[in-house]
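Chain naming here is simple, since letters A, B, ... match the order of the sequence lines and numbering starts at 1 in each.
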Amino acid sequence: MSADVFLFWFLAILTLAGGLTTVLVTNPIYSALSLAFTMIGVSALFVSLNAYFLAGVQLIVYAGAVTVLFVMVLMMFDLKHELITFTRGKISGLVKAGLVALFAGLIVGSVLITSDVFSKSGGAPEAVIGGDTTKALGTILFSKYIFGFEALGVLLLIVAIGAVALARSKGGTHAK
Amino acid sequence: MGHDIFEISINAIKLIVVFLLIVQAVPVLVWLERRGSAFIQNRLGPNRIGPFGLLQLAADAVKFFFKEEFVPANAVKLLYYAAPVIALIPATLAFAAIPLGQPVQWNEYLFRLQGYEINVGIVFVLAVSSLAPYSILIAGWGSGNKYALMGALRASAQVISYELALGLSIVGMILIYGTFNLTEMIQAQQAPLSYSLLGFTLPLNFLPAWGIFYQPLGAIIFFAASFAESNRLPFDLAEGEAELVAGFHIEYGGFKMLLFFIGEYGHMIVASALMVLFYFGGYAIPGISLADLNQWTADHTASANAASLLAGLLTFVCFFIKLSIFLWIFIQVRWTLPRFRYDQLMDLGWKTMLPWALFNTVLTATFVYLAHL
Amino acid sequence: MQNSELIGEIGLTHYLILSALLFVAGMAGVLLRRNAIVILMSVELMLNAVNLSFVAFSHYLGQMDGQVMVFFVMTIAAAEVSVGLAILVSIFKRYKEINVRFFEHLKG
C-alpha cells in the first residue's frame, strides 16, 4: 500500500466520520465542531488532488470563517442538549431515513456502474494536472470566467448589505 | 520527505527543531517581557534567581508542573482539555512554512531551512492561522464560565474582523512580486531599489528592494492587524482584566495555561517572521546580496558543502536578529499603549483598516498595471 | 472490479463515492434535524461534498473548469451562510427558539 493510498483511506474515513457526527450528535456545538473537522478533512483531500490553492481557500473560507460563525452564534445562544433533536413522528422519520438510504444507494450504484467510462476517458490527461495548479486556476478564472467572477463580487456586495440590514438592531453601542 | 535514509532523517530532525524553536522561544520571550516591562516602568523585574533573573524560567516551569490539576465544576471535560492543545497547532504549523535561512546544498541534497516548502506558502500560512479562533472558542465555552465565554466571543470576533485587513494588506505584495511562494518572495527582494514607471526610472541603489519601500501602507496595516490577530495589547480586549477577570483562559492554570501562552507567543513570532519576510527582505543580510554572500563563503571555506552551510547559518542569524527586533517592538508596544474600547476596536478594524487596505490593493494594482504597460 | 484493486488503487470512483456518501449524510441532516442552524450546517456539508467531486473530476479529467466552479460555490456558500445566520439570529431574538417547528408562527 503506497503512501497516497493510505492517505486517501485515512482522510476518507476521518472526513466521513466527521460528517456523520455533524448530523447525528444531539448537541449543536459538537455538531459545529465536527463540521469544522470535516472541512479540514475535505481541505486535506483537495491537497491529495493537487488543488493546493483551493485547499487553502477551503480552510480560510469554510473552516476559518463560515464554521467559526456557526460556532459563535451557537455559543451566543448558549444552547444545551436539545430535547427534540430529530423529526417527530416515527413513520415520517422512517420514510425520510429510507429515502436517504435509497438515494445513497442510487448515487453509489450509478457511480460504480459508470466507473468504466471514467477510467477509460480519464487515464491519460492526468499527467496534465500533475504539479501545482494555482497558476492555471488564476489564468482561467480571469479570462474565461471573468464575468462570473464580477457577478460574484456584486453578489457579495448585495449579501453584505442584506446581512447588515437584517442583523441591525436598535440600541447597542452604536445607537445614535 | 526524501529519497534515502539520510535525507529523510535530516528532514525529520529539521521538523522537530522547528517545533522546539517556537516552543523554546517562549520562556526567553516571557523573561524578556517581564524584565523589559520592568525597565519601562522603572522597576527591576525578576532578578533573584540566576544571573539577570534568567533562571526564573526554570523556576516557573517547575511551578507550572507542580500546580494542582483541576477541572471547574461546570466545564465540559473533553473540550476543556482539548483547547490548550488546539491552541498550539496554528502557530507551530504556520511557523514551519517560513524559510529561516538560505537553503543548504550538501552534496546532491538540498536542505531548506524551513519545516516544509510549499508553493502556495502565503495561502498556507493564512489558512492555518485562520483556525486560531477555534481554540479560543472551545476554551471559552468548555470552561463553563460566563466571563470566559464573553472573552472568547470578543477575542474570536476580533480575530475574524482583523483577518480581513491582514489578508488584504498582503494582496499588494502578491501583486508586486507575482508569487505565493515565500522563498521566491525573498529572492525578489534582493535587487537594489529602483522605482520604474512608464519608462522613467528612479534608481536608489543604496537601498535594498525591500517590500516596505514598495508597500509602506500595506506594511503598517499588516503590522497593526497582526497585533490584533495575536490578541496583544493594545487589542487584548479578550483579557480586559477590569471587566472580564482574565478572558477566555480564566479557568486554566498550570501547564494548560502555559500551552495558551505558547500559542499566543507563537502567533507573535509568526507575525514578526512574516513581517520580516514580506517587508524587510527575509533572511538576506542588508547591504550584501545573496550572490556576494555565497562568493564570500566560498572564498573563506575549504569545500562547497561547508560554504553552503556557512551561508545558511549566516542568513539564519540575520533572520533571527531581524525577528528579534520585531518581537521587541511587540513587547514595547504592549507596555506603552493603553487598551482600546471594544467599539473603538471594531470601528478601527472595519471602518479604518479595511478601507485603507482595499485602497492599497487598488492603488497597487493600478501601479502594477501601469508598470507592465 | 477486483477487491484488491478497490483498496490498493485510488481512482476517480473512490473520490466520487466518498463525495456521494458525504452528500447523503448532509441530506439526512437536512431531512431529519429540527434545529435550523444544524440544517444550515448540513447544507454546508452537502456543498462540500459537491466541491470534492468537482475537484476530483478536475484532477482526473485534466481540466481546470471544475476548480473554478468550486471557487464560485465557496463564495456563494459563504454568502448564503451570512444571510441565513442573520435571519436565524433575528428569529432567535424574537422567539428565543430556533427549532424549525416554531417557524409555523411566521405569517406574512
>> Shorter than 4.5 Å, heavy atoms on both sides: which option in C:Leu47, C:Leu88, C:Val89 has the most such pairs with chain A?
In response: C:Val89
> What residue in C:Ala20, C:Ala79, C:Ser90, C:Ala49 has the most heavy-atom pairs under 4.5 Å with chain A?
Replying inline: C:Ala79
> Using non-hydrogen atoms only, which part of C:Tyr15 is less than 4.5 Å away from chain A: side chain, backbone, both, or neither?
Replying inline: both
> At a heavy-atom separation under 4.5 Å, does C:Leu21 approach chain A through its side chain, its backbone, both, or neither?
Replying inline: both
> Is there a side-chain hydrogen bond (donor to acceptor under 3.5 Å, both in side chains) between C:Asn51 and A:Gln58 once you walk through the steps?
Replying inline: CA-CA 10 Å; C:Asn51 281 353; A:Gln58 163 93 10; 4.5 Å; no
> Of the listed residues (A:Leu45, A:Leu20, A:Ile158), which shares the most heavy-atom pairs with chain C below a 4.5 Å separation?
Replying inline: A:Leu45
> Which bit of A:Ala151 is near chain C, if near means a heavy-atom gap under 4.5 Å: side chain, backbone, both or neither?
Replying inline: neither
> So which of C:Ile87, C:Asp65, C:Thr75, C:Val70 has the largest heavy-atom pair count under 4.5 angstrom toward chain A?
Replying inline: C:Asp65
> Of the listed residues (A:Leu99, A:Thr15, A:Leu54, A:Asp4), which shares the most heavy-atom pairs with chain C below a 4.5 Å separation?
Replying inline: A:Leu54
> Tell me, side chain or backbone of C:Val81 under 4.5 Å from chain A's heavy atoms, or both, or neither?
Replying inline: side chain
> Are A:Leu152 and C:Ile76 close enough that some pair of their side-chain heavy atoms sits under 4.5 Å apart?
Replying inline: yes
> Relative to chain C, which of A:Gly148, A:Ala97, A:Gly18 shows the most heavy atom pairs under 4.5 Å?
Replying inline: A:Gly148
>> Rounded to the nearest 0.5 Å, what separates atom CG in C:Asn48 from atom CE in A:Met39?
In response: 4.5 Å
> Using non-hydrogen atoms only, which part of C:Met69 is less than 4.5 Å away from chain A: side chain, backbone, both, or neither?
Replying inline: side chain
> Any side-chain heavy-atom pair from C:Met41 and A:Ser31 closer than 4.5 angstrom?
Replying inline: yes
> Hey, mind stepping through C:Leu52 and C:Leu16 against side-chain contact (heavy atoms from CB on, under 4.5 Å) and telling me if it holds?
Replying inline: CA-CA 8 Å; C:Leu52 182 59; C:Leu16 287 185; over 6 Å; no
> What part of A:Leu155 is in contact with chain C, defined as an atom under 4.5 angstrom from a non-hydrogen atom: side chain, backbone, both or neither?
Replying inline: side chain
> In terms of heavy-atom proximity below 4.5 Å to chain C, should A:Phe8 be classed as side chain, backbone, both, or neither?
Replying inline: side chain
>> Between C:Val30, C:Val83, C:Leu85, C:Leu40, who has the most heavy-atom pairs with chain A when the cutoff is under 4.5 Å?
In response: C:Leu85
> With only heavy atoms counted, which part of A:Leu69 is less than 4.5 Å from chain C, the side chain, the backbone, both or neither?
Replying inline: both
>> Taking the side chain as everything from C-beta on, heavy atoms only, tell me whether C:Asn35 gets closer than 4.5 Å to C:Ile39.
In response: no
> Any donor and acceptor pair, going by atom type alone, linking the side chain of A:Thr21 with main-chain N or O of A:Ala17 inside 3.5 Å?
Replying inline: yes
> Among A:Val57, A:Thr22, A:Val159, which has the most heavy-atom pairs under 4.5 Å with chain C?
Replying inline: A:Val159
> If you count heavy-atom pairs under 4.5 Å with chain C, which of A:Ala160, A:Ala65, A:Ala163, A:Ala104 comes out on top?
Replying inline: A:Ala104
> Would a distance-only check, ignoring hydrogens and angles, find a side-chain to backbone donor-acceptor pair under 3.5 Å from C:Ser58 to C:Phe54?
Replying inline: no
>> Out of A:Phe149, A:Phe103, A:Tyr62, return the one with the most heavy atom pairs under 4.5 angstrom to chain C.
In response: A:Tyr62
> Under a 4.5 Å cut-off applied to non-hydrogen side-chain atoms, are A:Leu33 and A:Thr67 in contact?
Replying inline: no
> Does a side-chain heavy-atom distance below 4.5 Å link A:Phe70 with A:Pro28?
Replying inline: no
>> Taking the side chain as everything from C-beta on, heavy atoms only, tell me whether C:Glu80 gets closer than 4.5 Å to C:Val43.
In response: yes
